[in-house]
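Here is the structure we will look at.
We name chains A, B, ... by the order of the sequence lines, and we start the count at 1 in each one.
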Protein chains: 2
Amino acid sequence: MLDRRSGQALYRQLADTLRDRILAGDLPPGGELPSEGIIAKSYNISRDAVRQAIAVLRSEGLIVTVRGRRSSVRRQAPLEEVRAPAAARITARMPTSAERTHFDVPEGVPLLVVQFGETEELYAADRVVVCTPPPRKR
Amino acid sequence: MLDRRSGQALYRQLADTLRDRILAGDLPPGGELPSEGIIAKSYNISRDAVRQAIAVLRSEGLIVTVRGRRSSVRRQAPLEEVRAPAAARITARMPTSAERTHFDVPEGVPLLVVQFGETEELYAADRVVVCTPPPRKR
DNA sequence: AGTTATTTGTCCGTATGTATA
DNA sequence: ATATACATACGGACAAATAAC
């Protein structure tokens, strides 16, 4: 239950409990959360607080929200392996809104940036894993 | 200026214009945005809409917000190079709230995940770049 | 095909708390 | 201590997308 005098924000407490349920497998991938209104009523908090909690989990890449539908636990597709060249530099950053549309990634999913020489390649982190070359035989 | 009949949400339009100013270098790293109240007044929108726009940019890792202070453009520290072992798998994901505290990263900064064998190492993507081994001499 | 109900998205207002300057 | 500024929480209203029938 949520505690109004805990010093912790209500929406953070709610996000923590929902996250725990997701990571524990209580809410399986693809599973739907109750509607914002239902959650708000069941915890006696405003819909605004519920939306903030959901926004937290969405920005962590744990859930996905589509307008008109209840939020659902994000499904993780099998990752495609991409071979990194030698002497490459690999970083990650969040996409802008336009890049999110372009790469078709939901909120909370970073981009992998692979740089080598002049080139820079971008990959959606929910579909790609970058692999370093295997050790050389000799 | 913002257009109420454009079909685009006000806060998205505002986020786009602010992002453009940041990426164009108009607002330099470390530079402060006007306060939420000032922005709201200057665009004739609610403070709530301004906060949503700022939340967008924060989740993209472009700005940093500290309570009581105006938001500022995120500074990018020089990246420490970490050598990736051979046959490693490199992915990225967003940290949970607890991990954000543990790694001391602001919102909008992913974690780099380097897996090899049984081990899995995590790095804050705003401080570390992962490097693949250089080509072998022969 | 079309209508209704459900649900999330956007926008506004107000109030209060808490951190910073 | 005062002023400024962001954070939290509530409320209401309407729009827009989806789902159900």
### Query
Regarding R70(B) and S35(B), is there a side-chain donor-to-acceptor distance under 3.5 Å anywhere?
no
### Query
Under the salt bridge (charged side-chain N to carboxylate O under 4.0 Å, His left out) criterion, do D48(A) and R51(A) qualify, and how do the steps go?
CA-CA 5 Å; D48(A) 182 70; R51(A) 283 182 62 76; over 6 Å; no
#### Entry: Residue pair E60(A) / S97(B), side-chain donor-acceptor N/O under 3.5 Å
yes
### Query
Could you state the CG-P distance from D3(A) to dT8(D), rounded to the nearest angstrom?
16 Å
Enumerate, atom names and distances included, each donor-acceptor pair closer than 3.5 Å involving a side-chain atom of residues 74-91 of chain B, sequence neighbours excluded.
from   : atom 1 : to     : atom 2 : distance (Å)
R74(B) : NH1    : G61(B) : O      : 2.6
E81(B) : OE2    : R89(A) : NH1    : 2.6
R89(B) : NH1    : E81(A) : OE2    : 2.5

### Smallest separation among heavy atoms of G30(A) and S72(A), with atom names
O-CB, 4.0 Å
### Query
Closest nucleotide of DNA chain D for Q13(A) versus for R70(B): which of these residues is on the 5' side?
R70(B)
#### Entry: side-chain N/O Y11(A) vs dT8(D) OP1/OP2, d < 4.0 Å
yes
### Boundaries of the DNA chain C segment in contact with chain A, non-hydrogen, under 4.0 Å
dT7(C) to dT10(C)
### Query
Going by an N to O cut-off under 4.0 Å, is there a salt bridge joining R93(A) and E99(A)?
yes
### Summary
Heavy-atom nearest pair, V109(A) first then A125(A), reads CG1-N, 4.0 Å
#### Entry: Distance in angstrom units between Q8(B) CD and dA15(D) C1', rounded
15 Å
### Query
Under a 4.0 Å heavy-atom cut-off, which of residues 62-69 of chain B touch DNA chain C?
R67(B), G68(B), R69(B)
### Query
In residues 43-55 of chain A, which ones come under 4.0 Å of DNA chain C, going by heavy atoms?
R47(A), R51(A)
### Query
Going by atom types only, do Q13(A) and Y11(A) share a side-chain donor-acceptor pair under 3.5 Å?
no
### Task
Identify the two heavy atoms, one from L14(B) and one from L2(B), that lie closest to each other, and give their separation to 0.1 Å.
N-CD2, 4.0 Å
### Query
Are L23(A) and L57(A) linked, directly or through other ILVMFWY residues, by side chains that come within less than 4.5 angstrom of each other?
yes
### Query
What is the distance from atom CG of L10(A) to atom CG of D3(A), rounded to the nearest 0.5 Å?
8.5 Å
#### Entry: Close approaches to DNA chain C from residues 26-40 of chain B, in residue order (heavy atom, under 4.0 Å)
none
### Task
Compare all side-chain heavy atoms of L112(B) with those of L122(B) and state whether any distance is below 4.5 angstrom.
no
Which donor-acceptor pairs under 3.5 Å do side chains of residues 113-120 of chain A form with protein atoms, sequence neighbours excluded?
from    : atom 1 : to      : atom 2 : distance (Å)
Q115(A) : NE2    : E120(A) : OE1    : 3.1
T119(A) : OG1    : F116(A) : O      : 3.1

